[in-house]
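Remarks on the structure that follows.
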Amino acid sequence: MEYGVYIQHTSEGNMIMVGLYVDDILLTGSCSYEIVKFKKVLMNEFEITDLEKLIYFLGMEVLYSKKGIILHQLKYELELLKRYKLTNYKSAVTPAEMNHKLDSDAEGDDVDATTFKQLVGSLRYLSNTRHDICYAVEMVSRFMNELKWSHYQVVVRILRYIKGTLKFGVMFPSGDECES
């Protein structure tokens, strides 16, 4: 399995980005003319199906507006809340408590390591489109080998925050179109 991101800078100062994951290709760039030209080169070399506008990629939904492109993972967020039985919990205003010092908590109760690691891994994946949770997720990720109830509570707090901010995502604003 080979995957990666490749960038080509054109002589006109534009850029084309190719994202590969297994047998999926995401092609984007700063100039639609350059993208079409590059796509023709690829189609001459490889058997490719052009699906036109991107709707889903690696579990991320793509929304288009006049202001730009929005990536979000609403479906994934809802699945997480359902899987960990948090749909009826009250939402939180922030992903973590202010000034909360997280430590190894040697005195706290143990937590199921598999569940905790799956939860944190899911939150790390969600961080691709939810930059607002990155800090809290990284803080709790430091305790993957010292799992205690207090750490699990921080993860639950992040999920409660997600519940209250389900439609958040990351926006890539539209730029000036290139000259062809």
Give the cluster check for Tyr135 versus Val155: same hydrophobic cluster or not, with ILVMFWY residues linked at side-chain heavy-atom distances below 4.5 Å. no
How many angstroms lie between atom NZ of Lys82 and atom OG1 of Thr87, to the nearest 0.5 angstrom? 8.5 Å
Same cluster for Ile55 and Val170 if Ile/Leu/Val/Met/Phe/Trp/Tyr side chains link at under 4.5 Å? no
Please check if Met171 and Ile69 belong to a single hydrophobic cluster, counting links between Ile, Leu, Val, Met, Phe, Trp and Tyr side chain heavy atoms closer than 4.5 Å. no
Report the distance from atom CZ of Arg157 to atom CD of Glu97, rounding to the nearest 0.5 Å. 5.0 Å
OH of Tyr76 to CG of Leu126, rounded to nearest 0.5 Å, is 7.0 Å
Close side-chain approach of Asn14 to His9, heavy-atom, < 4.5 Å: no
What's the shortest heavy-atom distance between Pro95 and Asp132, and which atoms? CG-O, 3.5 Å
Would you check if Leu119 and Tyr152 make a side-chain contact, meaning some heavy-atom pair closer than 4.5 Å? yes
Provide the closest heavy-atom pair for Val93 versus Tyr161 in the form atom of the first, atom of the second, distance. O-CE1, 3.3 Å
Looking at CZ of Phe46 and CD1 of Ile25, how far apart are the two atoms once the value is rounded to the nearest 0.5 Å? 7.5 Å
Kindly indicate, with the supporting measurements, whether the criterion side chain to side chain contact (heavy atoms under 4.5 Å, CB included) is fulfilled by Leu147 and Asp112. CA-CA 8 Å; Leu147 313 173; Asp112 179 54; over 6 Å; no
Is His72 close to Leu166 at the side-chain level, that is, under 4.5 Å between some pair of heavy atoms? no
Parallel, tilted or perpendicular: which fits the ring planes of Phe143 and His151, with parallel below 30° and perpendicular above 60°? parallel
Heavy atoms, side chains only, cut-off 4.5 Å: are Leu27 and Lys39 in contact? yes
Check the surroundings of atom CZ in Phe57: do more than 12 heavy atoms from other residues, nucleotides or ligands lie under 6.0 Å from it? yes
Got a donor-acceptor contact below 3.5 angstrom from the Ser127 side chain to the His131 backbone? no
Measure from the side-chain N and O atoms of Arg160 to the backbone N and O of Leu86, and report whether any donor-acceptor pair falls under 3.5 Å. no
Closest heavy-atom contact between Ser141 and Val137? OG-O, 2.7 Å
Is there side-chain contact between Val156 and Tyr84, with heavy atoms separated by less than 4.5 Å? no
Heavy-atom distance under 4.5 Å between the side chains of Met43 and Lys40, does that happen here? no
Same hydrophobic cluster for Phe38 and Val36, using side-chain heavy-atom links shorter than 4.5 Å among ILVMFWY? no
Give a yes or no on whether a salt bridge exists between Arg130 and Glu77, defined as a side-chain N under 4.0 angstrom from a carboxylate O. yes
Identify the two heavy atoms, one from Tyr56 and one from Leu54, that lie closest to each other, and give their separation to 0.1 Å. O-CD1, 3.4 Å
One should read off an interatomic distance between Leu80 CG and Gln73 CD, to the nearest 0.5 angstrom, of 9.0 Å
State, with a plain yes or no, whether a side-chain heavy atom of Ser122 is found less than 4.5 Å away from one of Arg83. yes
Starting at CD1 of Ile7, measure out to CE of Met15 and round the result to the nearest 0.5 Å. 6.0 Å
What's the shortest heavy-atom distance between Lys163 and Asn88, and which atoms? NZ-C, 4.2 Å
Answer with yes or no whether the hydrophobic clustering places Tyr89 together with Trp149; edges join I, L, V, M, F, W, Y residues whose side-chain heavy atoms lie under 4.5 Å apart. yes
Give a yes or no on whether Tyr64 atom OH has more than 12 heavy-atom contacts from other residues, nucleotides or ligands under 6.0 Å away. yes
Check whether any side-chain heavy atom of Glu61 sits under 4.5 Å from a side-chain heavy atom of Leu63, and report yes or no. yes
Which pair of non-hydrogen atoms, one from Gly29 and one from Ile35, has the smallest distance, and what is that distance? N-CD1, 3.3 Å
In sequence, state the C-alpha distance, the side-chain angles, and the governing distance for Val140 and Phe116, and then conclude on side chain to side chain contact (heavy atoms under 4.5 Å, CB included). CA-CA 10 Å; Val140 80; Phe116 184 83; 3.8 Å; yes
